[in-house]
Amino acid sequence: MAKSVGFKINALLISTVAVVALVFLVFLLFRTNSIVKFSDRELEKSAKQQISEIAQNVYHLAATANDLSKKMLMVSLNTSREVIARYGSLSIQGVQRWTAINQFSNESIEIDVPNINFGGTVLPKVTSFDVKVPIVDEITRLTGATSTIFVKMNQNGDMLRVATTVKK
C-alpha cells in the first residue's frame with residue numbers, strides 16, 4: 001500500500017512542528033530554570049543586603065541608646081554629688097537596730113547598723129515609702145533616677161538598704 005503524497009506531507013509537517021515544539025519546550029525549560037536560579041540568587045543577595053542594613057541600624061540604635069544612657073547616668077551622678085555636698089559632710093553617729101531581710105531567702109535578722117549623718121541631718125529609720133528621706137527623694141525628684149543609700153552591716157560586706165526610692 002502506497003501512502004498518498006498528501007499523507008506524507010502532513011506527516012512531515014506534523015513531525016517538523018513536533019520537533020520544533022519539542023526544541024522550543026526544551027529551550028523554554030532550560031531558560032525558565034536559569035531565570036529561576038537567577039531570581040533566587042538576586043533575592044538572596046537582596047535579602048542579605050537588607051538584613052545587613054537592618055543589623056547596622058540596630059547596632060547604631062543600640063550605640064546611641066548606650067551613649068544616651070551614659071550621659072543620663074553622669075547627669076544623675078553629678079546631681080547626686082551636688083545634693084550630697086549641699087547636705088554637708090558624712091559622719092557616723094551611733095547605731096540603730098534594724099530588721100534586715102535577705103532579698104533571696106526572705107530570712108530576717110535583727111542587726112545594729114551605723115546611723116548616717118549628713119551635715120547634721122541624721123537619716124531616719126524608714127519602713128514606709130510615705131516617709132520622705134531628704135537626700136534620696138531629692139535626687140529622684142531632680143533626676144528621675146532611683147536612689148539608694150546602703151550601709152555595710154557586717155564584715156562579710158553584706159549591705160542593708162537604709163534609704164531608697166526603689167519600690168520593688
Cluster partners of Val133, using ILVMFWY side-chain heavy atoms under 4.5 angstrom, listed by chain and number?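 Via sub-4.5 Å side-chain contacts, Val133 links to Val83, Ile84, Tyr87, Leu90, Ile92, Trp98, Ile109, Ile111, Val113, Ile116, Phe118, Leu123, Val126, Val131, Ile135, Val136, Ile139, Leu142, Ile149, Val151, Met153, Leu160, Val162.
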
Starting from Phe24 and following side-chain heavy-atom contacts under 4.5 Å between hydrophobic residues (I, L, V, M, F, W, Y), which residues can be reached?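 Answer for Phe24: Leu28.
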
Where the side chain of [X] meets the backbone of [Y], is there a donor-acceptor pair that is under 3.5 Å apart?
{"X": "Ser69", "Y": "Ala65", "value": "yes"}
{"X": "Thr165", "Y": "Ser147", "value": "yes"}
{"X": "Asn66", "Y": "Ala62", "value": "no"}
{"X": "Asn156", "Y": "Asp158", "value": "no"}
{"X": "Lys125", "Y": "Arg97", "value": "yes"}

Only counting residues at least two apart or in another chain, list the ones meeting salt bridge (Lys or Arg N to Asp or Glu O under 4.0 Å) with Arg41. none

Is a salt bridge present between Lys48 and Glu44, judged by a nitrogen-to-oxygen distance below 4.0 Å? yes

Run the numbers on Thr64 and Leu68 for side-chain contact (heavy atoms from CB on, under 4.5 Å), then give the verdict. CA-CA 6 Å; Thr64 300; Leu68 181 58; 5.6 Å; no

Side chains of Gln96 and Asn115: do they bring a donor and an acceptor to under 3.5 Å?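 A pair is found: one side chain offers a donor N or O, the other an acceptor, under 3.5 Å apart.
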
How long is the span from the CE atom in Met159 to the CG atom in Asn154, to the nearest 0.5 Å? 10.0 Å

Minimal non-hydrogen separation, Thr99 against Ser108, with atom names: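 Smallest interatomic distance, heavy atoms only, reads CG2-CB, 3.9 Å.
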
With the side chain counted from C-beta on, respond yes when Arg141 and Asp137 share a heavy-atom pair under 4.5 Å apart, and no when they do not. no

Ile54 and Val58, any side-chain heavy atoms less than 4.5 Å apart: yes

Could you walk me through whether Glu82 and Arg86 pass the side-chain contact (heavy atoms from CB on, under 4.5 Å) check? CA-CA 6 Å; Glu82 289 295 321; Arg86 255 195 333 224; over 6 Å; no

Kindly determine whether Leu29 and Leu25 satisfy side-chain contact (heavy atoms from CB on, under 4.5 Å), including the steps that lead there. CA-CA 6 Å; Leu29 181 65; Leu25 284 174; over 6 Å; no

